[in-house]
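Reading through the structure tokens given below for one structure.
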Number of protein chains: 2
Amino acid sequence: MEPTAPQDTQADRVAAALEGLIFDGVFSDGDRLDEVRIAEQYGVSRTPVREAFQRLAQSGLVRQLPRRGAFVRQPGPIELIEMFEVMAELEAAAARLAAGRITDEALDLLKDLNRRSDDAVRERDADRYYDENERFHAAVYAQSGNGFLERECLRLQRRLRPFRRRQLRLRGRLRQSLGEHRAIVAALEDGDATAAADAIRAHVTVQGEKFHHLIASLRQAAE
Amino acid sequence: MEPTAPQDTQADRVAAALEGLIFDGVFSDGDRLDEVRIAEQYGVSRTPVREAFQRLAQSGLVRQLPRRGAFVRQPGPIELIEMFEVMAELEAAAARLAAGRITDEALDLLKDLNRRSDDAVRERDADRYYDENERFHAAVYAQSGNGFLERECLRLQRRLRPFRRRQLRLRGRLRQSLGEHRAIVAALEDGDATAAADAIRAHVTVQGEKFHHLIASLRQAAE
DNA sequence: GATGAATGTCTTGCATACAAGAATGTTGAC
DNA sequence: GTCAACATTCTTGTATGCAAGACATTCATC
């Protein structure tokens, strides 16, 4: 049950493309997605486009009103904060479980991932750091030993990706983030479930907070 | 963004019906869902049936293999344990947040719901207790003050419904469950986030454990 | 007798056609 | 000039038709 099984059908292609456009902010909240326009644009009939809409609707990216169409649904600041809060809790749960189940081998993997992140920070390569960061978190999910939790975490991680990406650009965040990663690994190494959960919760919550500030400043600037 | 917006389209009707059949265990894991058969059965064409399949696939109830069809996907014992574990963590998160945000009014509501549960227990009405139980938990989700978390909790609660229902039938579970509810309310009343989270986590985990035993005994009986 | 290729059937994926509901514009009355 | 009722147009929801991939059966070969 992969969250998004990359199948070779047209509907999947269109769904993936639209998802990308929504993530990239090409569409604003409330925009209507025209079936025929999109169908023409991708050279397919309305059927696969409609299937794509349904998938996006289930992911919460679009809202379908019966007999009225599909509308883009961008999360507002409040909902984003909420989503980061849930992400923090899910990751905390993963860390808690991982603390009791993690192997030495997996610990080495996490340390190795952090070393690579360190390289990226030193080279000021934000994009590469971002990738390594995601791998680190995914590795923690995997170590929870709970496949369902892992998939839920990956799902939300994916959904928050475009927003996390923005806030990582903030000054000094990279190095700080890396330090937090080390604290998480240390807690896992100690087998301290509570400490691991608290560490990763704080780590992710910081992202939400930073994002909150970012939004607030943008809003102020707009006024 | 209701998890299942009851819309008046054929696809929704078929999706709801199939979901019910899957939940009720009419279909076993791996069963193939025949488009044409189901279409005839519900007096519609293949199109809405296909749309229904997609929706069920997104919910994880069926698995779609390209060019091969839709197959029912019932969670096995391991995945169920995993799902209960995640449910416990999500509810713990909701309780943690609720502890800091809950109002006196909401506390009264929870106490009232528990009183009604008490009535149900006294009348040995398992079904009614079950309903009141769900309302109690839903009220805790709502008090988290996090709409996204609330929806995620409701989604998983819904998915686990058929399995929870079974284990509540176990001897003595009703009264025990009610006592745990009281402990949760007490912790919330104290504003003790950790205690509230631990209490509800234990409460839900017990359900998973009980379920585990149930499965194990069934398996033993089958051998 | 077993294995593999070829063919035939069945099922899905997509395109197109049609019908019904929603949105829009027009006309008429006040 | 404004509002409302009606008609028109547009869009969505559903049905059907067609093509390509998957499965099964059969036949040939080792």
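The model shown is predicted, which means the values in this text are computed figures rather than measured ones. Every chain is numbered from 1 and lettered A, B, ... according to where its sequence line falls, protein lines coming before strand lines.
- Interface residues of residues 37-50 of chain A facing DNA chain D, ordered by number: A:Arg46, A:Arg50; criterion, heavy-atom separation under 4.0 Å.
- Of all nucleotides in DNA chain C having an atom under 4.0 Å from a heavy atom of chain B, the first and last in 5' to 3' order are C:dT11 to C:dG13.
- Salt bridge present: B:Arg201 and B:Glu89 bring a charged side-chain N and a carboxylate O closer than 4.0 Å.
- Classified by interplanar angle (parallel below 30°, tilted 30° to 60°, perpendicular above 60°), the ring pair A:His137/A:His203 is parallel.
- Here D:dC18 presents its P atom at 17 Å from CZ of B:Arg67, a figure rounded to the nearest Å.
- The nearest whole Å value for the distance from the CD atom in B:Glu35 to the P atom in D:dT14 is 15 Å.
- Between the CD atom of B:Gln10 and the P atom of D:dT16 there is a distance of 13 Å, rounded to whole Å.
- Taking the salt bridge (charged side-chain N to carboxylate O under 4.0 Å, His left out) definition, one finds that A:Arg37 meets it with nothing, sequence neighbours left out.
- Between A:Glu19 and A:Arg159 there is no salt bridge, since none of the side-chain N atoms of the basic residue sits less than 4.0 Å from a carboxylate O of the acidic one.
- Atom CD in B:Gln64 sits 7.5 Å away from atom CZ in B:Arg50 (nearest 0.5 Å).
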*I would like to know whether B:Arg128 and B:Glu132 meet side-chain contact (heavy atoms from CB on, under 4.5 Å); could you show each step before the answer?*
CA-CA 6 Å; B:Arg128 204 183 125 206; B:Glu132 298 295 344; 4.3 Å; yes
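- Taking atom CZ of A:Arg32 as the reference point, atom P of D:dT11 lies 6 Å away to the nearest angstrom.
- Atom CG of A:Asp108 sits in a crowded spot, with more than 12 heavy atoms from other residues, nucleotides or ligands closer than 6.0 Å.
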*Please assess B:Arg13 against B:Tyr42 for the test side-chain contact (heavy atoms from CB on, under 4.5 Å), listing each intermediate value before the final yes or no.*
CA-CA 9 Å; B:Arg13 263 192 45 231; B:Tyr42 289 92; 4.1 Å; yes
